[in-house]
Amino acid sequence: MSSNGRFGLYGGRYVPETLAPALIELECAWERLHADTAFNAQLSGLLRTYVGRPTPLYRAHRLAEAAGAGHVSIYLKREDLCHTGSHKLNNALGQALLARALGKTRLIAETGAGQHGVAIATAAALVGLPCHVYMGEEDVRRQALNVQRMELLGAEVTTVHSGSRTLKDATNEAIRDWMTSYRDTHYAIGSVVGPHPYPSMVRTFQSVIGREARAQVLECEGRLPDALVACVGGGSNAIGLFQAFLDDDVAMIGVEAMNAASLGSGTPGVLHGAHSMLLQDADGQVMTAHSIAAGLDYPGVGPEHAWLQDNGRARYESVSDAETCAAFALLSRSEGIIPALESAHAIAHAITLARTLNPDSVMVICLSGRGDKDLGRST
Amino acid sequence: MSGKEMIASAFRVCALERRAALIPFLALGDPDFATTRVLARAAAAAGANIIELGFPFTDPLADGPVIQAAYARALKGDATVDGCFDCIQEITSGLHVPIMLMVAWNLVLARGVERFCEEAAAVGASALLVPDLLIEDATALNLAAHVHDLATVFLVGPDSDEKRVRRIAQLSTGFVYLVRRRGVTGVGVGADDLEARVAKVRSFSSIPVAVGFGIASAEDVREVARVADGVIVGSAFVQIAPDIAAVRGLARAMAWAT
């Protein structure tokens, strides 16, 4: 576990000195607030009345049957039913409240698929702060619905034209903005990436997923699950689900996109302020990732996942764009649930895995978001 | 002379001449290594006292659009770390101006900290600056640099508190790089209590203090040179490179202003 921002050798804080005071201030405020009863009461109240928590844990019989794994109980943790359509609001809301407590007058964020962008724009509207979101040109094009939503919510969206024009580049621009604006601006990172305290802070905000799921599965099944499956881009929905089960005898599987598999194909290095795993060449130049899912199209990953892989507590698999699209269609037709393409990665691997499990095994999949943004791109 | 000695000597000479050291920055390999060699020579001839050379990197967080574009051009031209070291070797073999390297931590890690420092010293570099490495994590670098007589340079930010400034000043063995403004290279905002900030660093160490980020004109140089031991100019040079005459002209004007 992280005590000083480290997960084993991973994590840490690799940023120019200009940002050190801002991160130290953020870390202090976080330490104070996350133990603060009033702050937590306000956040849980909003999670309940505004976000729509607790989200259901749904037994997907028909998915299991359709996948040839009818002997396994497959549960979907329905983060797609959160307000704004994904788990991202759990974190965005927490950070918006934190920003307000810090006296910041502006929020900035990076976004890949746009779900974190929409979530932060939503949270900003709720707390009454102006909001500026950075999004890669490629993602602006392929997730246009979310750009529209952000703008309607009052956020300013800047299209990033540099580099691969996806999440990595949006993150670079958000960090550069913060290098200038840190005195009055809070940078709300959308996943468990970035310099300390972000990976720990975002994990804490997302851990509500696993806490709920654990209680729910115990209630439905009378026992803990055999396996947890979640997609991994930066890794926040996976960490959120896994967190509550770390000390249990439960297998944890993260699913990456085949051509953005930082954990599966990457090597240790430093990107966006943290020591983690990344896709890089021999010189240490960061390589471009590729995924049909904008939220997984990232050559890095959260440092805690790097550590969980290293110590064997979790394992990481990857699936192709084609397998993802097949899973997207399968869940839609069998259960009437259209998943985000990101979440469809988890579905794709989960059904392959389920076929190999013993009868009466129990599996929980995190359905991190809904797929309205992906219509027309899934075929 | 060791790297540390070369850096110290350059500042001493400037101090004797009652001027600040002029430290222009160039991006290695932008658009090719031959151009960098020519530009480095031109800058040295025009009065640069130390030359800072930046290793191109795909994701330079501290850099604004000018240097980002320079690194992108260099990488497009296939600038590898090996190629950068070869270029530095050619530059140092023809010049007596100390060379300082600016390199992202991920490039150092990929090479291996010890190996990177060994190679840097072998090709004649005098000092090393890793802009995304904080003092909390600088031990391994400082040790490896020390073993190879390379000077280290650390940044002091616009809002670094007294405790941090002291540690940074005490850890730097070449000089302290005072970041002038909040922001990335080439642009910046913030009130300028530069004289007080320089004085604060000097209260903790006798190491030279150079100021950089956003210094774009001879007038800027003059203003900074009044209070600091060195002036670092990056984007202003990168913007006009590869025009050798322009680089020479700017270097001359700025050297005059120190």
Side-chain angles (χ1 to χ4, degrees), chain A residues 4-6 9 11-25 160-164 167-185 194-196 267-276 278-288 298-300, chain B residues 55-65 68-69 71-72 75 79-84 103-112 116 129-137 154-161 163-165 167-168 176-185 187-190 213:
Chain A
N4 56 351
R6 292 281 169 184
L9 288 176
R13 196 176 266 170
Y14 297 92
V15 294
E17 172 65 22
T18 299
L19 284 177
L23 288 167
I24 291 166
E25 177 195 46
V160 177
H161 301 284
S162 51
S164 51
L167 180 53
K168 168 182 84 85
D169 315 285
T171 308
N172 287 340
E173 279 313 299
I175 293 172
R176 289 174 186 134
D177 178 318
W178 207 38
M179 290 266 290
T180 311
S181 64
Y182 59 87
R183 279 192 183 175
D184 63 16
T185 295
H196 181 59
T267 47
V270 169
L271 179 64
H272 297 149
H275 191 197
S276 186
L278 59 131
L279 298 176
Q280 57 186 328
D281 69 11
D283 272 353
Q285 304 296 354
V286 183
M287 299 201 316
T288 311
Y298 182 64
Chain B
F55 277 66
F57 181 52
T58 45
D59 298 84
L61 294 185
D63 289 305
Q68 284 175 50
Y71 284 167
L75 289 170
T80 58
V81 169
D82 279 341
C84 289
V103 55
W105 187 231
N106 199 48
L107 298 182
V108 177
L109 280 180
R111 204 78 167 178
F116 194 97
L129 162 63
V130 179
D132 56 339
L133 189 67
L134 296 177
I135 40 171
E136 287 86 342
D137 295 299
F154 290 98
L155 302 176
V156 166
D159 287 293
S160 303
D161 68 17
K163 212 171 67 169
R164 292 191 75 77
V165 174
R167 283 177 73 188
I168 294 164
V176 170
Y177 188 141
L178 198 71
V179 173
R180 191 181 190 203
R181 301 247 147 97
R182 295 195 298 282
V184 295
T185 58
V187 287
V189 296
F213 277 50

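Residue numbers begin at 1 in each chain, while the letters A, B, ... track the order of the sequences. Scope of the values below: all heavy atoms of this structure, side chains included, with no hydrogens, waters or symmetry mates.
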> What's the verdict on side-chain contact (heavy atoms from CB on, under 4.5 Å) for B:Ile168 and A:Glu17, showing C-alpha distance, side-chain angles and the deciding distance?
Replying inline: CA-CA 10 Å; B:Ile168 294 164; A:Glu17 172 65 22; 3.6 Å; yes
>> Does A:Tyr14 form a side-chain contact (heavy atoms from CB on, under 4.5 Å) with B:Leu133? I'd like the steps, not just the answer.
In response: CA-CA 5 Å; A:Tyr14 297 92; B:Leu133 189 67; 4.0 Å; yes
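Of the listed residues (B:Leu109, B:Leu155, B:Leu134), the greatest number of heavy-atom pairs within a distance under 4.5 Å of chain A belongs to B:Leu134. Interface summary for chain B: among A:Val15, A:Ile24, A:Thr18, the most heavy-atom pairs under 4.5 angstrom belong to A:Val15. Here A:Val270 is the residue among A:Leu278, A:Asp177, A:Val270, A:Thr267 with the most heavy-atom pairs under 4.5 Å with chain B. Of the residues considered (A:His272, A:Gln285, A:Met179, A:Met287), A:Gln285 shows the highest number of contacts with chain B, using heavy-atom pairs under 4.5 Å.
For B:Pro65, no part sits under 4.5 Å from any heavy atom of chain A, backbone or side chain. In this structure, the portion of A:Leu271 lying under 4.5 Å from any heavy atom of chain B is its side chain and not its backbone. If you measure heavy-atom distances from B:Val184 to chain A, the contacts under 4.5 Å come from both the backbone and the side chain. Both the backbone and the side chain of B:Leu107 come within contact range of chain A, with heavy atoms under 4.5 Å apart. Both the backbone and the side chain of B:Ala62 come within less than 4.5 Å of a heavy atom in chain A. Interface remark: B:Val156 contributes backbone atoms only to the contact with chain A (heavy atom separation under 4.5 Å). At a 4.5 Å heavy-atom cutoff, the contact between A:Ala282 and chain B is made by backbone atoms alone.
With respect to the salt-bridge test (charged N to carboxylate O, under 4.0 angstrom), the residues A:Arg6 and B:Asp137 qualify. For the pair B:Asp159 and B:Arg164, the salt-bridge criterion is not met [side-chain N within less than 4.0 Å of a carboxylate O]. Classification of A:Arg183 and A:Glu25 as a salt-bridged pair fails, no side-chain N sitting under 4.0 Å from a carboxylate O.
To the nearest 0.5 Å, the span separating CD1 on A:Ile175 from OG1 on A:Thr180 amounts to 12.5 Å. To the nearest 0.5 Å, the span separating CZ on B:Arg111 from CG on B:Asn106 amounts to 13.0 Å.
Here the side chains of B:Leu75 and B:Phe57 are not in contact, with every heavy-atom distance at 4.5 Å or above.
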